[in-house]
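All remarks here apply to the structure that follows.
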Amino acid sequence: MKIATYNINGINGRLTNLLRWLEEAGPDVVCLQELKCTDNQFPEKILMDFGYHAIWQGQQSWNGVAILSRYGEIQETKRGLDGDPDDTHSRYIEAFINGVVIGCLYLPNGNPYPGPKFDYKIKWLMRLIAHSQKLLTFGLPVALIGDYNIMPTALDTYKPEKYINNALFRPEARQLWEELLKDGWTDAIRQLYPDQRIYTFWDYLREAYGRNAGLRLDHFLLNQPLHERLVRAVVDADVRGWPHSSDHAPVWIELAESR
DNA sequence: ATGCCTAATGCAATTAGA
């Protein structure tokens with residue numbers, strides 16, 4: 001089972017890239033973030049023609065998350081996180097697919113720090129943790145996948161000193177990430193590559209991709225039953241070099257089928 | 001401190017991204 005995450009940065013503006021990558025990579029499940037489209041604008045038909053069922057939570061101009069699946073109709077289990085009835089951002093959608101609970105998330109960026117956006121990020125992360133603890137009690141395989149907008153350690157950025165006061169690298173966010181790991185979640189990429197510099201995002205500015213001035217922001221957190229099935233983890237970094245690419249690259253993991 | 005780039009909105013310039 002091949003599960004991917006891809007911050008597409010505008011699904012309609014980059015549909016050609018998305019379809020090309022879907023054909024070349026052939027993932028079974030895809031978590032998408034930053035759709036930047038309303039529910040009506042989501043390209044459901046085209047994706048169906050390419051063999052993918054979809055569920056999505058759109059929003060005008062910003063945010064927006066979706067899950068694509070080649071396993072047929074998708075059983076949605078949740079949309080949005082509990083804990084803030086005034087939260088209007090489309091950032092979380094969850095489904096039960098092929099025996100796995102898959103949460104697709106787009107964590108708030110949180111810049112500038114300090115400020116209300118950073119406070120929103122931290123609160124959102126605490127709401128995610130509360131929900132993740134509930135998921136752990138079910139005894140099912142669970143993956144929390146998406147753009148976390150967190151660099152967990154100095155290994156996850158080309159220049160840590162530049163990011164000291166950046167919301168992506170602030171201790172407040174990284175400590176909450178550590179709390180997730182303490183609860184029993186495994187960072188799939190770091191599990192397989194503990195010492196390597198691996199990036200999933202390269203800024204559009206100053207030829208960041210050409211200089212490999214990247215950040216690791218897109219993560220797979222796996223609970224114990226799923227962690228045992230982890231076979232591979234790959235960043236399709238070349239996709240970031242395609243014309244009109246998103247500033248993120250697709251990332252995917254391969255899971256052994258359950259016995 | 002700002003621009004460098006890109007998208008959406010909407011048709012100029014702003015907001016947001018990370």
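- The salt bridge (charged side-chain N to carboxylate O under 4.0 Å, His left out) search around A:Asp82 returns A:Lys78, A:Lys134, not counting sequence neighbours.
- For the P atom pair drawn from B:dA13 and B:dG3, the interatomic distance equals 15 Å after rounding to whole Å.
- Between B:dC11 and B:dA1, the two P atoms lie 33 Å apart (nearest whole Å).
- In summary, contact between chain A and DNA chain B, defined as any nucleotide atom under 4.0 Å from a heavy atom of the protein, begins and ends at B:dG3 to B:dA18 in the 5' to 3' direction.
- Applying a 4.0 Å cut-off to non-hydrogen atoms, the residues of residues 149-160 of chain A that approach DNA chain B are A:Asn149, listed by residue number.
- Comparing B:dG10 with B:dT15, their C1' atoms are spaced 14 Å from each other, to the whole Å.
- The list of salt bridge (Lys or Arg N to Asp or Glu O under 4.0 Å) pairs with a residue in residues 189-206 of chain A, not counting sequence neighbours, reads A:Asp156-A:Arg190.
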Inset, instruction - Dump the intermediate steps for side chain to side chain contact (heavy atoms under 4.5 Å, CB included) on A:Val142 and A:Val100, then the final yes or no. - result: CA-CA 6 Å; A:Val142 188; A:Val100 181; over 6 Å; no
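- Every residue was checked against the salt bridge (charged side-chain N to carboxylate O under 4.0 Å, His left out) condition with A:Arg229, not counting sequence neighbours, and none meets it.
- Using a 4.0 Å cut-off on heavy atoms, the residues of residues 12-23 of chain A that approach DNA chain B are A:Gly13, A:Arg14, listed by number.
- Applying the salt bridge (Lys or Arg N to Asp or Glu O under 4.0 Å) definition to pairs two or more places apart or across chains, those involving residues 178-188 of chain A are A:Asp187-A:Arg216.
- Looking at residues two or more places apart in sequence or on another chain, you find no ring pair (Phe, Tyr, Trp, His ring centres under 6.0 Å) involving A:Trp185.
- Every residue meeting the salt bridge (charged side-chain N to carboxylate O under 4.0 Å, His left out) condition with A:Glu172, not counting sequence neighbours, appears here in chain and number order: A:Arg170.
- The salt bridge (Lys or Arg N to Asp or Glu O under 4.0 Å) pairs that include a residue from residues 87-104 of chain A are A:Asp87-A:Arg127, where partners are two or more places apart or lie in different chains.
- Note on residues 41-55 of chain A: pairs passing side-chain hydrogen bond (donor to acceptor under 3.5 Å, both in side chains), not counting sequence neighbours, are A:Thr38-A:Gln41.
- The one candidate from A:Tyr148, A:Tyr106, A:Phe201 that meets the ring-ring contact (aromatic ring centres under 6.0 Å, His included) condition with A:His219 is A:Tyr148.
- DNA chain B is contacted by A:Phe201, A:Tyr204, A:Leu205 of residues 195-205 of chain A, taking any non-hydrogen atom closer than 4.0 Å.
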